Number of protein chains: 2
Amino acid sequence: MTTTSTNSGRPKNRATGEGGARRRGKGSAALASERREHLVKLAAELFAEKGFQATTVRNIAEEAGILSGSLYHHFDSKESIVDEILAGFFQEIMSAYRSVIDEGNDPRTTIAGLVRIAFGTLEPHRAAITVMQNDWNYLKGMERFAYLTKSEDEVEKMWVDTIKAGQRDGLFRADIDPKLTYRMIRDTVWVAVRWFKPGGRLNAQGLAEHYLKVMFDGINTH
Amino acid sequence: MTTTSTNSGRPKNRATGEGGARRRGKGSAALASERREHLVKLAAELFAEKGFQATTVRNIAEEAGILSGSLYHHFDSKESIVDEILAGFFQEIMSAYRSVIDEGNDPRTTIAGLVRIAFGTLEPHRAAITVMQNDWNYLKGMERFAYLTKSEDEVEKMWVDTIKAGQRDGLFRADIDPKLTYRMIRDTVWVAVRWFKPGGRLNAQGLAEHYLKVMFDGINTH
DNA sequence: CCGAGTTGAGCAAGCGGTTGGGCGCACACG
DNA sequence: CGTGTGCGCCCAACCGCTTGCTCAACTCGG
């Protein structure tokens, strides 16, 4: 007879309940503990491999050679780990996008630049992109990750405006839908993360050039 | 003390276990099958919405207005439900692909036909495609779903062979990578399931035509 | 009265998260 | 120089809860 431990009328105040001042002075992050970053990387690999929800804190801990309880000396929840992963990725890519736009080249050059940047993140941010793809629906439903949708909208605006400008300048066909075209490009780039292997036949930049070729001129002979 | 019945080396084959004679005879087969199919559809919607792993058997049962235990009168596991969903989808699309190829048209027409078929499945098989996309990594790791990878390989061969034939005939550019191009097309089509809304501005066939335009001739003006 | 279909209680396992304590290293202090 | 002590890091056990799945007993139309 094992301890069945059936609910003994204990109040169910769990974590985060009262006193939001749990982990005071997260400012110690300034130290940016190496250990912490290492754990984030391990977690990212697992999230990418099995999905965020399917990865348990015990998985992460085991990968790091510690027990799950120890993880909570570094993070206050599983969510905050994935938050760190995604926030870093978004920050980097949006800043890169902006600098391409700010160069003020013609729309075709700008689009090419954006595509190259996107493919360029495939390798260094493989895990973040995979998480973003697989768990987007789940994550965007939480207030904590509202910034994901906001950033996504901002990015969409950059692309769509550039495509429209290209149409005005007569560089891009007028009979394509800018928003639709943006989505196709975006999805095609990110989805490559599923089969792209860094050591393979083609590197990320090779992928980008191949894609630009097809996207700009099609697969037909002319 | 209830019978603990912990697994005593018993094989876990239930329903579908011995003999595929699941729905043999019994005029009720049609009826039972209807109920079963209904449950599969409900489950498919949930899997698509929240992911396979994140959907619980209690979710499915609740959606059907029954209790989780009752589900096991129809299926022997959660896996067998998703199996039914994916197997049906693959069977249908591969048969459709084959008949297009068997028409023996020129490669350009054949590719266009394949693209139209793929987009055509977007609406009727929305849930299956979403599951395939989001949970592919998880599912392909199980022997039970080995046929997924096998079918995928067969499909890839159809597309790649057609693209190569088009290159030989001078219809498609020689400087594109057939395999890479196939993957681009495939990803672009399937990934549309994320934002495609049946009642929206563009139906699936409209999407297909838009994409064929871009894919064949690019977004540049000529 | 048969049996397909359902119920409701329940199991073992595992989940995310919490906690009190202990180890060992760095550094200040006498 | 020894030593005490604060602290980063971690362990082990545990909590309340959910998971996929099981099963004896019940319902009820044919």
Side-chain angles (χ1 to χ4, degrees), chain A residues 1-19 22-25 28-39 43 46-47 50-82 138 142, chain B residues 1-8 10-15 17 22-23 25-36 38-39 43 46-47 50-62 64-82 142:
Chain A
M1 220 207 249
T2 55
T3 65
T4 47
S5 83
T6 33
N7 46 8
S8 51
R10 222 5 186 357
K12 59 187 302 188
N13 56 350
R14 272 165 76 85
T16 62
E18 67 266 62
R22 180 214 299 310
R23 186 169 282 285
R24 104 185 67 272
S28 66
L31 298 181
S33 157
E34 266 177 41
R35 183 86 178 117
R36 187 188 170 93
E37 271 178 46
H38 178 61
L39 291 173
L46 287 174
F47 289 157
K50 320 173 36 178
F52 172 70
Q53 298 173 83
T55 302
T56 71
V57 294
R58 284 170 178 82
N59 289 150
I60 303 171
E62 187 184 9
E63 195 75 12
I66 58 180
L67 292 192
S68 69
S70 312
L71 273 183
Y72 289 84
H73 280 266
H74 305 276
F75 312 96
D76 50 340
S77 71
K78 197 171 90 165
E79 279 174 23
S80 77
I81 303 180
V82 79
Y138 173 72
M142 321 171 43
Chain B
M1 268 303 158
T2 54
T3 64
T4 48
S5 84
T6 34
N7 47 6
S8 48
R10 249 279 221 50
K12 56 190 302 190
N13 53 352
R14 264 169 78 85
R22 175 163 58 240
R23 60 186 61 172
K26 300 257 189 162
S28 69
L31 196 91
S33 168
E34 258 178 50
R35 179 88 175 115
R36 191 187 167 91
H38 178 61
L39 292 173
L46 288 174
F47 289 157
K50 319 170 37 176
F52 172 70
Q53 298 172 83
T55 302
T56 70
V57 293
R58 284 172 177 83
N59 289 149
I60 302 171
E62 187 184 10
I66 58 180
L67 293 190
S68 69
S70 312
L71 273 183
Y72 288 83
H73 192 76
H74 305 276
F75 311 96
D76 52 336
S77 74
K78 197 171 96 167
E79 279 175 22
S80 77
I81 303 179
V82 79
M142 321 170 45

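No experiment lies behind these values; they were computed from the predicted model shown. Order of the sequence lines sets the chain letters (A, B, ...), proteins ahead of strands, with each chain counted from 1.
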Once you round it to whole Å, what is the distance between [atom2] of [N] and [atom1] of [X]?
X: Gln53(A); N: dG14(C); atom1: CD; atom2: C1'; result: 16 Å
X: Leu46(B); N: dT19(D); atom1: CG; atom2: C1'; result: 16 Å
X: Leu71(A); N: dA12(D); atom1: CG; atom2: P; result: 15 Å
X: Glu79(A); N: dC15(C); atom1: CD; atom2: P; result: 17 Å
X: His74(A); N: dT18(C); atom1: NE2; atom2: P; result: 15 Å
X: Arg35(B); N: dG5(C); atom1: CZ; atom2: P; result: 9 Å
X: His38(B); N: dA4(C); atom1: NE2; atom2: C1'; result: 17 Å
X: Ile66(A); N: dG8(D); atom1: CD1; atom2: C1'; result: 12 Å

Report task. Could you check whether Leu67(B) gets within reach of a base, just the sugar-phosphate, or nothing at all, counting any heavy atom under 4.0 Å? Result ->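 Base contact.
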
Query raised in the report: When all nucleic acid strands are considered with a 4.0 Å heavy-atom cut-off, which category describes Ser68(B): base, sugar-phosphate, or nothing?
Result: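 The residue Ser68(B) makes base contact.
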
If you round to the nearest 0.5 Å, how far is [atom2] of [Y] from [atom1] of [X]?
X: Ile60(B); Y: Arg58(B); atom1: CD1; atom2: CZ; result: 11.5 Å
X: Leu39(A); Y: Phe75(A); atom1: CG; atom2: CZ; result: 5.0 Å
X: Leu71(B); Y: Asp76(B); atom1: CG; atom2: CG; result: 11.5 Å

Of the options [options], whose atoms approach the side-chain atoms of [X] most closely?
X: Ser77(A); options: dG17(C), dC21(D), dC11(D); answer: dG17(C)
X: Tyr72(B); options: dC9(D), dG20(D), dA12(D); answer: dG20(D)
X: Lys78(B); options: dT6(C), dG17(C), dG20(D); answer: dG20(D)

Query raised in the report: With sequence neighbours left out, what residues match Glu79(B) under salt bridge (Lys or Arg N to Asp or Glu O under 4.0 Å)?
Result: Arg144(B)

Requested in this report: With sequence neighbours left out, write down each residue that passes salt bridge (Lys or Arg N to Asp or Glu O under 4.0 Å) with Glu63(A), or none if nothing qualifies.
Outcome: none

Query raised in the report: Which residues pass the side-chain hydrogen bond (donor to acceptor under 3.5 Å, both in side chains) test with Lys50(B), sequence neighbours left out?
Result: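 If we apply the side-chain hydrogen bond (donor to acceptor under 3.5 Å, both in side chains) test to Lys50(B), skipping adjacent residues, the hits are Asn59(B).
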
Requested in this report: Please list, chain by chain and in numerical order, all residues satisfying side-chain hydrogen bond (donor to acceptor under 3.5 Å, both in side chains) with Ser70(B), sequence neighbours excluded.
Outcome: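 With sequence neighbours excluded, Ser70(B) shows a side-chain hydrogen bond (donor to acceptor under 3.5 Å, both in side chains) to no residue whatsoever.
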
Requested in this report: Would you indicate, yes or no, if dG5(C) has its OP1 or OP2 atom less than 4.0 angstrom from a side-chain nitrogen or oxygen of His73(B)?
Outcome: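 His73(B) to dG5(C) OP1/OP2: side-chain N or O found under 4.0 Å.
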
Requested in this report: Using a cut-off of strictly less than 4.0 Å, decide whether Ser70(A) has a side-chain nitrogen or oxygen near OP1 or OP2 of dC9(D).
Outcome: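 Ser70(A) to dC9(D) OP1/OP2: no side-chain N or O under 4.0 Å.
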
Report summary line: Bend of the helix from dC1(C)-dG30(D) to dG30(C)-dC1(D) from end-axis comparison, five pairs per end, nearest 10°, comes to 10°

Query raised in the report: Is the Phe52(A) ring parallel, tilted or perpendicular to the Tyr138(A) ring (thresholds 30°, 60°)?
Result: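 Rings of Phe52(A) and Tyr138(A): tilted, as their planes differ by 30° to 60°.
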
Query raised in the report: Does His74(A) offer a backbone N or O that forms a donor-acceptor pair with the side chain of Arg36(A) under 3.5 Å?
Result: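 Yes, because the side chain of Arg36(A) sits within donor-acceptor range (under 3.5 Å) of the backbone of His74(A).
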
Query raised in the report: Tell me, which of residues 55-65 of chain A have any heavy atom that sits under 4.0 Å from an atom in DNA chain C?
Result: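 Close to the strand are Thr55(A), Thr56(A), Val57(A), Arg58(A).
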
Query - Contact summary for Ala64(B) and Arg35(B), nearest pair of heavy atoms - result: O-NH2, 4.5 Å

